[in-house]
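See structure below.
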Amino acid sequence: MNLLLDTRLLLWAASEPKRLSAKARALLLDPANHLLFSSASLWEISIKNGLERSDFNVDPRRLWRMLLVSGYRELPIASEHAVAVNELPNLHKDPFDRILVAQARVEGLMLLTVDKLVAKYGDGVRKV
């Protein structure tokens, strides 16, 4: 299965794996699953790191390299993803989360999230 990780889950997987649920750990460690991250997550981390948010205190360039070396695949933001945001119901206001949902839907991926609001999008989204 192709799994797209939301930003929070991505940060936990990279630097705080003990925060992952057993369900998340099992999915991330299953060799049958392909792990992806969105360039939107790196953008979000860069912005929030620049705002000196302690929960985003990570070097985005270092994280990007580490994810690629660890076998994650990068999912760039395409125009089709941006346009698909318009089709989403207004369940969540965060633009980074909304683009992740749109990317997952357009690309036929499963978005893994720890956010209960994001999980309300249903199809293609799984709370772990």
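Numbers for residues simply follow the sequence, beginning at 1.
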Problem set entry | Spacing of OG belonging to S21 relative to CG belonging to L27, to within rounding of 0.5 Å | 8.0 Å

Exercise. With sequence neighbours excluded, what pairs up with Y72 under the side chain to side chain donor-acceptor pair (under 3.5 Å) test?
Worked result: none

Problem set entry | Same cluster (ILVMFWY, side-chain, under 4.5 Å), I77 and L67 | no

Seminar exercise, completed: Rounded to the nearest 0.5 angstrom, the CG-CG distance for L63 and L68 is 9.5 Å

Exercise. Can you hop from L91 to V125 via hydrophobic side chains spaced under 4.5 Å?
Worked result: yes

For this session: Check whether F37 and W43 end up in the same hydrophobic cluster, where Ile, Leu, Val, Met, Phe, Trp and Tyr are linked by side-chain heavy atoms less than 4.5 Å apart.
Result: no

Exercise. Is any side-chain heavy atom of L28 less than 4.5 Å from a side-chain heavy atom of V128?
Worked result: no

Problem set entry | For N90 against K93, the heavy-atom pair lying closest together | CB-NZ, 3.6 Å

Exercise. Do L35 and L29 sit in the same hydrophobic cluster, where Ile, Leu, Val, Met, Phe, Trp and Tyr count as joined when their side-chain heavy atoms come under 4.5 Å apart?
Worked result: no

Seminar exercise, completed: For residues 109-128, the salt bridge (charged side-chain N to carboxylate O under 4.0 Å, His left out) pairs (sequence neighbours left out) are none

Exercise. Can L111 be reached from I45 by stepping across I, L, V, M, F, W or Y side chains whose heavy atoms are under 4.5 Å apart?
Worked result: no

Pair up each side-chain donor or acceptor in residues 97-109 with any protein partner under 3.5 Å, not counting sequence neighbours, and list the distances.
unit_1 : atom_1 : unit_2 : atom_2 : d
D97    : OD2    : H92    : NE2    : 3.3
R98    : NH1    : P89    : O      : 3.1
R98    : NH1    : H92    : O      : 3.3
R98    : NH1    : Y121   : OH     : 2.9
R98    : NH2    : V85    : O      : 3.3
Q103   : OE1    : S38    : OG     : 2.6
Q103   : NE2    : S38    : OG     : 3.4
Q103   : NE2    : P76    : O      : 3.2
R105   : NH2    : Y121   : O      : 2.7
E107   : OE2    : H81    : NE2    : 2.8

For this session: Output all residues satisfying side chain to side chain donor-acceptor pair (under 3.5 Å) with E74, sequence neighbours left out; order by chain, then residue number.
Result: W64

Side-chain donor-acceptor distances from residues 3-13 under 3.5 Å, at least two apart:
unit_1 : atom_1 : unit_2 : atom_2 : d
D6     : OD1    : R8     : N      : 3.4
D6     : OD1    : L9     : N      : 2.8
D6     : OD2    : T113   : OG1    : 2.5
D6     : OD2    : V114   : N      : 3.4
T7     : OG1    : S41    : OG     : 2.8
T7     : OG1    : E44    : OE1    : 2.7
R8     : NH2    : D55    : OD2    : 3.1

Seminar exercise, completed: Applied to residues 13-32, the salt bridge (charged side-chain N to carboxylate O under 4.0 Å, His left out) test, sequence neighbours excluded, yields E16-R19

Exercise. Could you state the interatomic distance from OG (S15) to CE (M66), rounded to the nearest 0.5 Å?
Worked result: 7.5 Å

